[in-house]
Amino acid sequence: MTAPAFSLCVYCGSRPGVDPAFADTARAVGRWIGEHGGQLVYGGGRNGLMGIVADATMAAGGQVVGIIPKALVEREWAHHGCTELHVVDNMHERKRMMADKADAFLALPGGIGTFEEFFEVWAWGQLGYHDKPVGLLNVAGYYDGLMAFMRTGVEQQFMSSAQMELIRVDSDAQRLLPELVQAAGMAPQARIEAI
């Protein structure tokens, strides 16, 4: 198996959501990863946006590393078609392994698990535990309210604008994905279109 050009950790919902744009974007993200020789690292599920992004990555020739806690495998939520499927004891081990295997992080729409993972990896970056880029894909305005809330945190001086600058937010996957890969140091500016 060829080493991937980059490894992108994607956090997203185990449900598809209401707006078809969510599934379309998950599919486009997976296709982009696969077409550019990348590797998807994700939570190992087969349902919702998680399954969509994994299937699209594999269909486009990319590698998929799923990392799932034992309890979720027992509920039959695991995607056994992954290139690699790691079954771990708990959520802490899952998140640590996902972070270790990633060059960059991206949150798509999702629920409480997606929020928690996104905020944790953002906080880890702010604390200096990693220097990997973190992206938020604001599909169909899904994260508009969250972004407004976070700006309130800056206005009320519970956060700094420098902390906000640690995340890259865009509504367009085709702009954000190359930016994350480039920021991770996986491709110089001159080669970004080539990967």
Is there a side-chain contact between [X] and [Y], using heavy atoms and a 4.5 Å cut-off?
X      : Y      : result
Ile67  : Lys101 : yes
Asp103 : Leu8   : no
Leu106 : Leu180 : yes

Could you pull out all residues at least two apart from [X] that satisfy ring pair (Phe, Tyr, Trp, His ring centres under 6.0 Å)?
X      : result
His130 : Phe105
Phe119 : Trp122
Tyr11  : none

Salt bridge (Lys or Arg N to Asp or Glu O under 4.0 Å): which pairs involve [range], sequence neighbours left out?
range            : value
residues 1-28    : Asp24-Arg27
residues 72-94   : Lys70-Asp89
residues 162-175 : Arg168-Glu179, Asp170-Arg175, Asp172-Arg175
residues 115-143 : Lys95-Glu116, Lys95-Glu120

message: My understanding is that a hydrophobic cluster links ILVMFWY residues whose side chain heavy atoms are under 4.5 Å apart, including indirect links. Using that, what else belongs to the cluster containing Val18?
response: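 ILVMFWY cluster around Val18 holds nothing else.
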
message: Connecting only ILVMFWY residues whose side-chain heavy atoms lie within less than 4.5 Å of each other, what is the rest of Leu85's hydrophobic cluster?
response: Ile68, Leu72, Val73, Trp77, Val87

- prompt: Looking at residues at least two apart in the chain, or sitting in another chain, which of them share a side-chain hydrogen bond (donor to acceptor under 3.5 Å, both in side chains) with Thr25?
  reply: none

- prompt: Residues two or more places apart in sequence or in another chain: which of them pass side-chain hydrogen bond (donor to acceptor under 3.5 Å, both in side chains) with Asn138?
  reply: Asp144

message: What's the separation between atom CD1 in Ile33 and atom CE in Met58, rounded to the nearest 0.5 Å?
response: 11.5 Å

field: Pair Asp55, His79: side-chain N/O donor-acceptor within cut-off below 3.5 Å
entry: yes

task: Please find out if less than 6.0 Å separates the ring center of Phe6 from that of Trp32.
output: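 Yes, close enough.
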
message: Going by ring-ring contact (aromatic ring centres under 6.0 Å, His included), name the pairs with one or both residues in residues 134-180, residues two or more places apart or in two chains.
response: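 For residues 134-180: Phe22-Tyr142.
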
Shortest non-hydrogen contact between [X] and [Y], atoms and distance:
X     : Y     : result
Pro4  : Gly38 : CB-C, 4.0 Å
Leu49 : Pro16 : CD2-O, 3.7 Å
Thr57 : Gln63 : CG2-O, 3.7 Å
Thr83 : Gly62 : OG1-O, 4.4 Å

message: If hydrophobic clusters are built by linking Ile, Leu, Val, Met, Phe, Trp and Tyr wherever their side-chain heavy atoms come under 4.5 Å apart, do Met91 and Val65 end up in the same one?
response: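 No.
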
task: Tell me whether Met147 is reachable from Leu137 by hopping between hydrophobic residues (I, L, V, M, F, W, Y) whose side-chain heavy atoms are closer than 4.5 Å.
output: yes

